[in-house]
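In what follows, a single structure is set out as C-alpha cells and then discussed.
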Amino acid sequence: MLEIYNTLKRRKEVFEPIEPGKVRMYVCGMTVYDLCHLGHARVLVVFDTVVRYLRYSGYDVTYVRNITDIDDKIIQRANENGESIDKLTGRFIQAMHEDSEALNVQSPDLEPRATHSMPAIIDMIQTLIDNKAAYVGPNGDVYYDVSGFAGYGSLSGKKIEDLRAGARVDVDESKQDALDFVLWKRAKPDEPNWDSPWGAGRPGWHIECSAMSTQCLGNHFDIHGGGMDLAFPHHENEIAQSEACTGEHFVNVWMHNGFVQINEEKMSKSLGNFFTIREILKIYRPEEVRYFILSSQYRSPLHYSDDNLDKARGALARLYTALRDLPEAAPAEDTDYREHFNKAMDDDFNSPEALAVLFDMAHDINRCREKDVKRAAALAASMRKLAEVLGLLQQDPESWLQGGITSDGMSDEQINDLVVQRDQARDNKDWAESDRLRDLLQDAGILLEDSAGGTRWRRK
RNA sequence: GGCUGAGUGGCAGAGUGGCUAUGCAGCGGAUUGCAAAUCCGUGUACCUCGGUUCGACUCCGGGCUCAGCCUCCA
C-alpha cells in the first residue's frame, strides 16, 4: 500500500487515485532563462522516479511537466543578450532536454508551455473576474483577491493575518491588499505581449500552472509536485486560483522535494552557490549523479560535495561489479527482495532503503556465484529489474566499469597494450616488471584485477 | 517575529518501543606472486533535559542547534 507524504495534511497518507488504476500528476518545471543546476536535476530525477514507481506498481500515469517560457527574468536575460525571447527559451529548453536525457529521465507525457497556453490562461482569468475572485486594478493589471478565498494559507500552514503582519511584499498602490497577486500584467513598450480583454499583456507566473494543469488533467487531479520553495506562494496561489475558478477541489496530494544544500546552505541562483548539471557532468557520470540524488530520501536535504559524489561512484562500482560475468537469465522466483524493495518505495518513495535492498542482492549474488551460477544470474536479473525503477544499473557492467571520464587519461588501446605486456612479464615470473606496469596504470587511474580467467581492468 | 522540517556511528544515510540497516572509510582473517575484486569476522551511534513504560534512539513535553519559507527561486 503506497503512502505519500502530503504537504497539505503534513503527514503520510495512503494513496488513493481519483480514478482507480489511473494517476494524473503535474510537476512545476523550469523557467527557461538559464542552464539547469543540480537543484533542478533533483526535481527531474525525483519525480521521474515517482512516475516510474507508479507505473511499475501498475498505475496508468499521465505525467505533465510544464515549461515557463515567459516571465520577467526571461525578458531581462534576452535583453541583456540582445537575443530574441524565442531563441533564448529555445536554447535552454533544448539544454534541459539534453540534461534530462543524460540523467535517464523519461519524457513527461505532456510538456505544455505558457506561451502556447494563452487561450486557457485568459479564459481562466476571465472566469475569476466573473466569479468576483479577481479584479482589474487602476493600472490595468488584473489581480487575484486573496481575501475572498477562505482556504488561503492551508497548504503552507500560514495565516492571512501573519502574512500581512510580516509582509515584505512590495507596496503596490494598484492592489487592494498586499497579499493579492497579479494574474495579468499590462505590457510595457517593447515587451512581448498577447491580446486580452484587459489589453495587451502577459500572464503572471502562478496562473499559467493553474491553466496548464487543469487543461491537461482536468479540474481535479491526483498529484502536484515541485520544489519546497514553491509551496508558498506559488502552489498556495495555484490552489486559490483553480478552486475559485472551477469550484472543485484542485489537487489531492501535494509533494515537495527538499533542497540540494552546499556547505549547509540551499543551493540557489540568488546565492550564486550553484553548480549546473553540465559542470558536474564534466567530472561525474550521469548515473553517478542520479545515484547521488536518490541516495537521500526526496524530502530530506541533499548534501552536495565531491566526497558524496565519490561515494556514489564507489557504490555503483560495487553494484555493477556484482552484475558482471553472469549469463542472461530470467528474474529469480524469490520475491523477498522485491517485497522489501516495494515496501521501501511504498513508504513515501524511500529510495535510500530501496538502494540498500540492491546492495543486499549484490551481496547475495557474490556469495552464490561460484556455487550456484543459475541463482546468481537470476538474482542479477531481478536486481536490474528493480534498479530500472530507480533508473539505474541498465548499462553493460563491464562497459560501465571500464568507462569513466576519460578526457585526459589513457585510451583503451594503450591500456590493453600495457596489460598484454604485463601478462607476458607475469608468464615469465618477472614480478618487478609486472608491478612496474601495474603502478604505471594505477597512476593513470586504472585498476587491474588478475583472475583465473585472465587480467581485466577498470577505471577508478 | 510567524510558519515548516530536521538533529543517528569517521562520512553519507535508513529504520525500529526490547532483535545486524546499507554504502564508503577503519581493523583482523581467507584468497592472491604482490595486488584488486570477493567472502568471513569486527569496532564506533542515536543533540539535551524531563515524562510515559518492565524497557525509548524510537512515544509525549520543554530546551538547544541547524536548514528552509514568509520576496524571484526546484
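The figures here come from the full heavy-atom set of this structure, side chains too, leaving out hydrogens, waters and symmetry mates. Proteins come first, then strands; the chains are lettered A, B, ... in the order of their sequence lines, and each starts at number 1.
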At less than 4.0 Å, is any side-chain N or O atom of [X] found next to OP1 or OP2 of [N]? Yes or no.
X        : N      : result
A/His363 : B/rC39 : yes
A/Tyr298 : B/rA74 : no
A/Asn257 : B/rA74 : no

Exercise. Given B/rA12, B/rC39, B/rA74, which nucleotide is nearest the side-chain atoms of A/Arg367?
Worked result: B/rC39

Problem set entry | Electrostatic pair A/Glu288-A/Arg285, nearest N-O below 4.0 angstrom | yes

Check every strand shown and say whether [X] touches a base, only sugar-phosphate, or nothing at a heavy-atom separation below 4.0 Å.
X        : result
A/Gly227 : sugar-phosphate
A/Tyr5   : sugar-phosphate
A/Gly157 : sugar-phosphate
A/Gly258 : base
A/Arg299 : nothing
A/His256 : nothing
A/Glu370 : nothing
A/Asp430 : nothing

For this session: Please work out whether the ring planes of A/Tyr291 and A/Phe359 are parallel, tilted or perpendicular, with thresholds of 30° and 60°.
Result: perpendicular

Between the protein and nucleotides 59-69 of chain B, which nitrogen or oxygen pairs are less than 3.5 angstrom apart?
residue: B/rA67; atom: O2'; partner: A/Gln261; partner atom: NE2; Å: 2.6
residue: B/rG68; atom: OP1; partner: A/Lys266; partner atom: N; Å: 3.0
residue: B/rC69; atom: OP1; partner: A/Lys266; partner atom: NZ; Å: 2.8
residue: B/rC69; atom: O2; partner: A/Lys158; partner atom: NZ; Å: 3.2

Extract all donor-acceptor atom pairs below 3.5 Å that involve side chains of residues 39-47 of chain A and protein atoms in other chains or at least two apart in sequence.
residue: A/His40; atom: ND1; partner: A/His37; partner atom: N; Å: 2.9
residue: A/Arg42; atom: NH1; partner: A/Gly258; partner atom: O; Å: 2.9
residue: A/Arg42; atom: NH1; partner: A/Phe259; partner atom: O; Å: 3.0
residue: A/Arg42; atom: NH1; partner: A/Ser300; partner atom: O; Å: 2.8
residue: A/Arg42; atom: NH2; partner: A/Gln297; partner atom: O; Å: 3.0
residue: A/Arg42; atom: NH2; partner: A/Tyr298; partner atom: O; Å: 3.3
residue: A/Arg42; atom: NH2; partner: A/Ser300; partner atom: O; Å: 2.6

Between [Y] and [X], do the side chains contain a donor N or O and an acceptor N or O under 3.5 Å apart?
X        : Y        : answer
A/Thr68  : A/Glu208 : yes
A/Glu287 : A/Tyr320 : yes
A/Asp177 : A/Tyr143 : no
A/Thr321 : A/Arg458 : no

Exercise. How long is the gap from CH2 on A/Trp254 to CG on A/Leu8, to the nearest 0.5 Å?
Worked result: 8.5 Å

Exercise. CG/A/Asp364 to CG/A/Leu379 distance, rounded to the nearest 0.5 angstrom?
Worked result: 5.0 Å

Filtered N/O pairs between nucleotides 26-37 of chain B and protein, under 3.5 Å:
residue: B/rG33; atom: O6; partner: A/Arg422; partner atom: NH2; Å: 3.3
residue: B/rG33; atom: O6; partner: A/Arg426; partner atom: NE; Å: 3.3
residue: B/rG33; atom: O6; partner: A/Ser434; partner atom: OG; Å: 3.1
residue: B/rG33; atom: N1; partner: A/Asp435; partner atom: OD1; Å: 3.0
residue: B/rG33; atom: N2; partner: A/Asp435; partner atom: OD1; Å: 3.0
residue: B/rG33; atom: N2; partner: A/Asp435; partner atom: OD2; Å: 2.6
residue: B/rC34; atom: O2; partner: A/Asp435; partner atom: OD1; Å: 3.4
residue: B/rC34; atom: O2; partner: A/Arg438; partner atom: NH2; Å: 2.0
residue: B/rC34; atom: N3; partner: A/Arg438; partner atom: NH2; Å: 2.6
residue: B/rC34; atom: N4; partner: A/Asp450; partner atom: OD2; Å: 2.8
residue: B/rA35; atom: N6; partner: A/Asp450; partner atom: O; Å: 2.9
residue: B/rA35; atom: N1; partner: A/Asp450; partner atom: N; Å: 2.7
residue: B/rA35; atom: N3; partner: A/Arg438; partner atom: NH1; Å: 3.1

Seminar exercise, completed: To the nearest angstrom, the CG-P distance between A/Asp307 and B/rA12 comes to 8 Å

Exercise. Within this structure, what is the CE-to-P distance between A/Met255 and B/rA74, rounded to whole angstrom?
Worked result: 18 Å

Exercise. Does any donor-acceptor pair link the side chain of A/Lys159 with the base of B/rC3 at a separation under 3.5 Å?
Worked result: no

